[in-house]
Amino acid sequence: MANVSIRDVRKSFGTVSIIKGVDIDIQDGEFVILVGPSGCGKSTLLRMIAGLEDITDGEIRIGPRVVNDVPPKDRDIAMVFQSYALYPHMTVAENMAFSLRLKGLPKAEQAKRVQDAAASLGLTPLLDRYPRQLSGGQRQRVAMGRAIVRDPQVFLFDEPLSNLDAKLRVAMRAEIKELHQRLKTTTVYVTHDQIEAMTMADKIVVMHDGVVEQVGAPLELYDRPANLFVAGFIGSPAMNFIDGRLDASGLVLSSGAVLPLDRTPPVAAGSKLTYGIRPEHLQIAPAGTLGAIPATVAVVEPTGSDTTLIVKAEGGNLTVLLRERCDLRPGEAVALKPVSHQAHLFDEAGRRVATI
Amino acid sequence: MIDWLSPEEWTAVGLSLKVALTAMAASVLPGIAVALILERGRFWGRQVLDVLVHLPLVLPPVVVGYFLLLGFGRRGPIGALLDEQFGIVFSFRWTGAALACAIMGFPLLVRAIRLSIEAVDRKLEDAAGTLGAHPVFVFFAVTLPLILPGILAGMVLSFAKAMGEFGATITFVSNIPGETQTLPSAIYTFTQVPGGEAGALRLTLVSIAVSVAALLASEWMARRVRRRLAA
């Protein structure tokens with residue numbers, strides 16, 4: 001096991017800059033998830049850790065060793081790919097023994113280690129099958145097994161669950177997390193799915209456009225997003241944003257309507273701000289309630305466990321997430337009361353300046 | 001069965017098979033190498049190599065044969081060198097016919113292998129690297145088995161092309177019975193003499209039979225390999 005340190009790493013393809021100076025510290029045994037929209041550079045960064053892409057500038061260390069010029073085979077890592085990358089001409093057992101065969105381990109030792117890993121992943125009855133005879137979830141497990149038997153310093157996962165259906169994804173999520181708790185191997189995991197990131201990570205690195213937007217524990221990112229991008233990216237349904245200008249009475253929207261603020265934020269009056277509030281932090285109050293945002297119900301989406309409302313208000317559509325069931329009808333007038341200490345204010349550059 | 005063809009005809013059939021098999025066998029390794037270079041290589045002059053490899057496909061075969069005559073003839077620069085240094089002679093020998101056939105079939109062989117290399121999921125090779133495999137091992141353990149269907153298809157195309165090659169062969173090594181007279185040359189010769197129609201027809205049937213057999217064999221092999229490699 002090892003820590004991984006990424007220092008001012010950059011990557012360009014010709015004149016196009018993909019990674020623009022990234023610093024990340026990954027502790028020994030930590031489960032770190034790189035998350036971001038497609039094209040943010042997260043997969044490229046992972047491939048750079050694996051040694052599958054050159055590092056244009058900066059430094060990557062695995063343990064104490066700088067690996068910039070170390071070929072993938074000598075980095076002591078194991079990578080699991082979205083497409084599984086299983087060898088179609090090898091059985092499950094042969095696929096899993098691939099790295100052991102390379103190490104020149106005796107056949108008996110190979111078989112033992114493959115069997116141990118297979119047993120822990122529930123693959124024992126499938127060892128003689130070929131990848132084409134397996135379901136997506138089984139293939140994913142074989143890919144993981146192949147990585148596990150290598151017993152590497154670092155596991156690298158590149159969107160491993162993206163090819164699975166929703167139900168299987170949830171099951172595999174728990175399986176990978178449980179696996180990490182058992183093996184405690186340092187893990188770097190790439191996904192575009194913020195739910196995966198929230199549920200699995202010890203630490204999340206949110207990337208956007210080749211830079212790191214924020215690094216932190218899942219709930220830290222959720223409760224204290226550093227900027228508008230993180231605020232909008234983490235959380236589903238996404239945070240509501242209302243643009244306005246600060247004034248003594250509150251936030252003045254472009255329509256002239258005023259959103260009253262509980263407390264005066266530490267920002268100069270007259271500055272342009274974006275008000276952000278999560279859907280579950282808006283409470284429904286009777287229409288006309290003082291200090292609440294007047295709105296009209298547009299869509300009601302019951303999911304069984306909770307209810308999502310889309311409402312029309314000054315400043316645009318807002319999403320409201322209710323934990324309880326409700327009998328609101330589209331067209332009904334309501335008022336929305338923000339839960340105090342849960343609304344964020346972002347300045348013009350997108351930085352969070354206050355939480356009120 | 002033996003009487004069905006005259007001894008001369010049997011000679012032509014045997015020679016054709018020998019020439020075609022030799023041409024195919026000799027071009028497989030260079031074919032794989034060139035396909036890899038063209039598909040994966042990033043270097044100056046790749047385009048030039050691409051054009052050179054494909055020229056026999058578009059040039060009149062007679063022109064290729066004439067080039068071979070100029071280059072590999074006894075007095076040609078390469079031919080003279082090979083003769084002096086190694087005692088290898090191509091002109092007017094069956095080996096020359098094999099050389100002409102190999103060059104004519106080479107673009108077909110390379111194209112088939114290239115397509116299969118293109119179809120290889122690079123992630124499979126990446127994964128091998130991250131699992132501790134040296135690139136050479138990756139090639140033999142992963143890439144080669146995956147492109148095997150393409151290699152087989154290319155080999156059959158090269159063989160079939162060699163069985164039918166006429167223009168380049170006759171220009172380079174002429175039409176010497178027992179030495180360079182392959183099936184097409186023999187058929188051509190039959191059509192040039194009065195009363196040769198029956199012989200021409202017999203050899204044509206042989207030619208068709210060999211081609212069909214080659215195609216069937218390749219299909220069978222490709223199916224087996226595909227089934228083994230199906231993802």
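Letters A, B, ... are given to chains in the order of the sequence lines, protein chains preceding strands, and every chain is numbered from 1. The model shown is predicted, which means the values in this text are computed figures rather than measured ones.
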Pair [X] + [Y], salt bridge at N-O below 4.0 Å:
| X | Y | value |
| --- | --- | --- |
| A/Glu59 | A/Arg61 | yes |
| A/Glu178 | A/Arg173 | no |
| B/Asp126 | B/Arg122 | no |

[X] versus chain B, the contacting section by heavy-atom distance below 4.5 Å:
| X | result |
| --- | --- |
| A/Arg47 | side chain |
| A/Arg150 | side chain |
| A/Leu102 | side chain |
| A/Leu86 | backbone |

Do the ring planes of A/Phe98 and A/Tyr87 sit parallel (below 30°), tilted (30 to 60°) or perpendicular (above 60°)?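 It falls in the tilted class, 30° to 60°.
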